[in-house]
Chemist: 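Mind having a look at this structure? Questions to follow.
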Amino acid sequence: GAVVSQHPSRVICKSGTSVKIECRSLDFQATTMFWYRQFPKQSLMLMATSNEGSKATYEQGVEKDKFLINHASLTLSTLTVTSAHPEDSSFYICSAINPTLVGETQYFGPGTRLLVL
Amino acid sequence: AQTVTQSQPEMSVQEAETVTLSCTYDTSESNYYLFWYKQPPSRQMILVIRQEAYKQQNATENRFSVNFQKAAKSFSLKISDSQLGDTAMYFCAFMKHPLYTGANSKLTFGKGITLSVRP
């Protein structure tokens, strides 16, 4: 299987607070997970690649101190938006690759809608 | 760097008819994967179809098939017998083959196309 979950599905927070989003692979172990950001009617923008047991690799222009990623186990990666501001409001999506399946296909979570007031 | 181009922002098709979504890409790699993903209004990304570049045969999945032209770097998606549930945003994506390139399975997405199926 290749089911990926995300929690929470939506979150509203005040400016200046931190928000943690969890991404779990439910029926497989994922050594690599990916975090994306998506604005309405636009494509997915890769933020970072999360590798189990090591530091995440961030894409150019993504602030690593702002978007903290932890991949502490083979089934869980977390994204923490620190000191969130209204411009961080967006749809965040994670994905994971099931290494037992042929084809390097990324399977996506249902996404988390973040609104910062 | 790889680029993926979806030049049509929107398309519309009558239910039960056939529609083709275009995608072109640019790469210097010879080993790679190509994907079509569907994102319905729920915003859940769903894999539609996958093509491995070394396979000449076009991939098919039920009503979905691709026309993969490697030399032309073209990867179009054909949806036959369109259904109302096919209404979604469709993204074409490219991935270097990690085994041959040492890359880490990153996807490069096109801008997407919004497909509306009319009843």
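Lettering follows sequence order; numbering is per chain, from 1. Owing to the predicted nature of the structure, the values given are computational and were not obtained by experimental measurement.
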Chemist: Compare every heavy atom of Q106(A) with every heavy atom of Y37(B), then report the nearest pair and how far apart it is.
Modeler: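 For Y37(B) and Q106(A), the tightest heavy-atom pair comes out as OH-O, 2.6 Å.
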Chemist: Less than 4.5 Å apart, side chain to side chain, heavy atoms only: is that true for Q39(B) and I93(A)?
Modeler: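 In contact.
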Chemist: Verify the neighbour count for atom NE2 of H7(A): are there more than 12 heavy atoms of other residues, nucleotides or ligands below 6.0 Å?
Modeler: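 No.
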Chemist: With chain B, which of L44(A), L46(A), T32(A) has the greatest number of heavy-atom pairs at distances under 4.5 Å?
Modeler: L44(A)
Chemist: Under the 3.5 angstrom rule, does the side chain of S43(A) hit a backbone N or O of G110(B) as a donor-acceptor pair?
Modeler: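 Present.
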Chemist: Is it true that atom CD of E87(A) has more than 12 heavy atoms of other residues, nucleotides or ligands lying nearer than 6.0 Å?
Modeler: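 More than 12 within 6.0 Å, yes.
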Chemist: Are V4(B) and L115(B) connected, step by step, through hydrophobic side chains (Ile, Leu, Val, Met, Phe, Trp, Tyr) whose heavy atoms are closer than 4.5 Å?
Modeler: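 Looking at the clustering, L115(B) is in the same group as V4(B).
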Chemist: Which pair of heavy atoms, one from M89(B) and one from K41(A), lies closest together, and at what distance?
Modeler: CE-O, 3.5 Å
Chemist: Once you round to the nearest 0.5 Å, how far does CZ of F91(B) lie from CD of Q38(A)?
Modeler: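 Rounded to the nearest 0.5 Å, the CZ-CD separation comes to 5.0 Å.
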Chemist: Hey, are the side chains of L107(B) and Y36(A) touching, using non-hydrogen atoms and a 4.5 Å cut-off?
Modeler: yes
Chemist: Counting only heavy atoms closer than 4.5 Å, note whether M45(B) contacts chain A via side chain, backbone, both or neither.
Modeler: both
Chemist: Is it the case that one hydrophobic cluster holds both L79(A) and V11(A), taking links as side-chain heavy atoms less than 4.5 Å apart, direct or via other members?
Modeler: yes
Chemist: Near K78(B) NZ, under 6.0 Å, is it more than 12 heavy atoms from other residues, nucleotides or ligands?
Modeler: no
Chemist: Under 6.0 Å from the NZ atom of K66(A), do we count more than 12 heavy atoms belonging to anything else shown?
Modeler: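 Check passes, neighbour count above 12.
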Chemist: I'd like to verify something: which residue of K111(B), Q44(B), R43(B) has the highest number of heavy-atom pairs under 4.5 Å with chain A?
Modeler: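 Answer, by heavy-atom pair count under 4.5 Å with chain A: R43(B).
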Chemist: Could you state whether F64(B) and M11(B) fall into the same hydrophobic cluster, counting links through intermediate Ile, Leu, Val, Met, Phe, Trp or Tyr residues with side-chain heavy atoms under 4.5 angstrom apart?
Modeler: yes
